Protein chains: 2
Amino acid sequence: MDRKNLGDTAPRLPIGVLSRRTGCNIETIRYYEKVGLLPAPARSDGGHRLYGHGHFMRLGFVRRARELGFTLDEIRALLQLAEDRDRPCAEAREVAVVHLEDVRTKIADLQAMEAVLAETVVRCADGQTPECPLLETLFGSFDPSAGK
Amino acid sequence: MDRKNLGDTAPRLPIGVLSRRTGCNIETIRYYEKVGLLPAPARSDGGHRLYGHGHFMRLGFVRRARELGFTLDEIRALLQLAEDRDRPCAEAREVAVVHLEDVRTKIADLQAMEAVLAETVVRCADGQTPECPLLETLFGSFDPSAGK
DNA sequence: ATAGGATCTGTAGTGGCTACAGATACAAGA
DNA sequence: TCTTGTATCTGTAGCCACTACAGATCCTAT
């Protein structure tokens with residue numbers, strides 16, 4: 001877990017290489033540096049960013065965490081735990097549990113939407129309905145409690 | 001479907017009443033007016049907005065559509081169809097079908113995340129693992145293809 | 001008349017990017 | 001060495017759908 005030493009002896013590479021290897025947009029990399037998620041890298045004499053192995057590892061972490069839907073603040077916390085703690089697993093797990101519940105809530109919300117939409121689309125398609133079921137639904141025509 | 005006549009004879013009510021009856025934040029109502037989703041209402045002599053029945057109907061539509069996840073532009077299009085077309089159902093249905101596919105994609109993405117997260121959380125919890133499975137996953141330790 | 005709540009306009013911010021524009025650096029080929 | 005094309009820089013602004021003030025004015029009940 002010795003991942004905080006970014007100053008290793010591997011060759012340092014420009015941002016375009018980091019971008020292509022990690023699948024992360026150049027502008028996003030600069031954004032992550034701006035918001036403190038990535039440390040500022042060394043620079044060439046001309047001012048170009050030069051990234052070492054540690055940056056590749058760290059950005060890989062960030063991207064995988066983003067793909068799992070963690071917010072940048074959650075990722076920040078996870079990286080901090082990885083750096084500072086001998087046994088970070090309990091705390092890291094807590095971050096993941098909270099996020100997992102959020103993901104499950106979002107799934108449930110979307111599934112509720114999907115159910116209404118799917119039903120409405122079917123009713124729009126059957127061609128037997130004199131008015132448009134979707135628009136009637138949205139205008140609240142089928143809900144007697146609408147209006148107060 | 002005669003919903004474009006907002007100048008009816010019912011009493012006109014201030015924004016706070018519209019907000020409470022529709023569950024839509026006052027500032028959101030003003031935002032919707034700014035972006036053209038709601039027409040500008042009549043005003044009192046002192047400049048306060050006064051909303052009639054048509055606005056209540058229209059904002060109800062917008063809120064229900066938002067709850068179903070439609071974007072503001074999709075809602076704009078649906079309202080236009082409702083106003084302009086004798087038979088808007090085919091086009092409205094097309095808007096809903098595109099949106100339904102988007103919702104299903106989001107559900108699938110979230111379910112993929114949920115699967116990875118749930119597995120990782122379980123492995124973090126079992127206490128048999130020497131290192132933290134979540135952090136190892138994010139650092140890419142269990143993926144031999146990581147690095148290029 | 002007064003006071004408290006409602007409302008106004010304008011501005012800025014949220015999260016996570018993304019897209020320029022104008023200027024400079026870098027590398028390859030002639 | 002020079003030229004040219006590509007890569008990179010910084011700064012600014014925008015996207016989407018809101019949300020939150022701040023200072024000023026309006027409105028209504030006492």
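The sequence lines fix the lettering, A, B, ..., with proteins before strands; numbering per chain opens at 1. Everything numeric in this text was worked out from a predicted model, so none of it was measured.
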> Could you check how far CG of A:Asp73 sits from P of C:dT14, rounded to whole Å?
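Atom-to-atom, A:Asp73 to C:dT14, this comes out as 11 Å.
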
> Grab the NZ-C1' distance between A:Lys34 and C:dG15 for me, whole Å please.
13 Å

> How many Å lie between CD on A:Glu33 and C1' on D:dT8, as a whole number?
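Taking atom C1' of D:dT8 as the reference, CD of A:Glu33 is at 13 Å.
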
> Figure out the CZ/C1' separation between B:Arg20 and C:dT7, and round it to whole Å.
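Rounded to whole Å, this separation is 12 Å.
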
> Using only atom types and a distance under 3.5 Å, with no angle test, would you say the side chain of B:Arg58 pairs donor to acceptor with the backbone of B:Leu37?
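Yes; at least one donor-acceptor contact below 3.5 Å.
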
> Counting heavy atoms from C-beta on, name the nucleotide in D:dC9, C:dC17, C:dT7 closest to the side chain of A:Thr28.
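Closest of the options to the side chain of A:Thr28: C:dC17.
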
> Considering every strand and a 4.0 Å limit on heavy-atom distances, what is the contact class for B:Tyr32: base, sugar-phosphate, or nothing?
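Sugar-phosphate contact only.
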
> Without swapping roles, check the side chain of B:His99 against the backbone of B:Glu74 for a donor-acceptor pair under 3.5 Å.
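Here the side-chain-to-backbone pair does not exist.
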
> Do A:Thr22 and A:Val62 come within less than 4.5 Å of each other through their side chains, counting heavy atoms only?
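SC-SC contact between A:Thr22 and A:Val62 ruled out.
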
> Let me know the distance between CZ of B:Phe70 and P of D:dA17, rounded to the nearest Å.
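B:Phe70 atom CZ is separated from D:dA17 atom P by 13 Å.
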
> Taking atom CG of A:Leu134 and atom SG of A:Cys124, what is their separation to the nearest 0.5 Å?
5.0 Å

> Would you tabulate the pairs of protein nitrogen or oxygen atoms and nucleotide nitrogen or oxygen atoms of nucleotides 26-30 of chain D closer than 3.5 angstrom?
unit_1: D:dC27; atom_1: OP1; unit_2: B:Ser44; atom_2: OG; d: 2.6
unit_1: D:dC27; atom_1: OP1; unit_2: B:Gly46; atom_2: N; d: 3.4

> Just the rounded figure in Å: distance from P of D:dC18 to CD of B:Glu67.
11 Å

> Are A:Asp73 and A:Arg76 within salt-bridge range, i.e. N to O under 4.0 Å?
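A:Arg76 and A:Asp73: salt-bridged.
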
> How would you label the contact of B:Asn25 with the nucleic acid (heavy atoms, under 4.0 Å): base, sugar-phosphate, or nothing?
sugar-phosphate

> Side chain of B:Thr71, heavy atoms from C-beta onward: which of D:dC18, C:dT18, D:dA17 has the nearest atom to it?
D:dA17

> Taking all non-hydrogen atoms of both residues into account, name the closest pair between B:Tyr32 and B:Arg66 and its distance.
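Of all heavy-atom pairs spanning B:Tyr32 and B:Arg66, the closest is OH-CG, 3.7 Å.
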
> Check this one for me: any side-chain N or O of B:Arg30 less than 4.0 Å away from OP1 or OP2 of D:dT19?
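Negative; the distance criterion is not met.
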
> In whole angstrom, what separates A:Ile29's CD1 from D:dA7's C1'?
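These atoms are roughly 13 Å apart.
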
> From C-beta outward on B:Arg43, which listed nucleotide comes closest to its side chain: C:dC8, D:dA17, D:dT8?
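For B:Arg43, the side-chain atoms sit closest to C:dC8.
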
> From the options C:dG16, D:dT8, C:dT18, select the nucleotide whose nearest atom is closest to the side chain of A:Glu27.
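Between C:dG16, D:dT8, C:dT18, the one nearest the side chain of A:Glu27 would be C:dT18.
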
> Using whole Å, report how far CG of B:Leu13 lies from P of C:dT7.
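Checked: the CG to P distance equals 11 Å.
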
> Side-chain polar contacts of residues 41-48 of chain A - donor-acceptor pairs under 3.5 angstrom, sequence neighbours left out - could you list them?
unit_1: A:Arg43; atom_1: NH1; unit_2: A:Gly47; atom_2: O; d: 2.7
unit_1: A:Ser44; atom_1: OG; unit_2: A:Gly46; atom_2: N; d: 3.2
unit_1: A:Ser44; atom_1: OG; unit_2: A:Gly47; atom_2: N; d: 3.2
unit_1: A:Ser44; atom_1: OG; unit_2: A:His48; atom_2: N; d: 2.9

> Nearest to the side chain of A:Arg49, which nucleotide is it out of C:dC8, C:dT18, D:dT10?
D:dT10

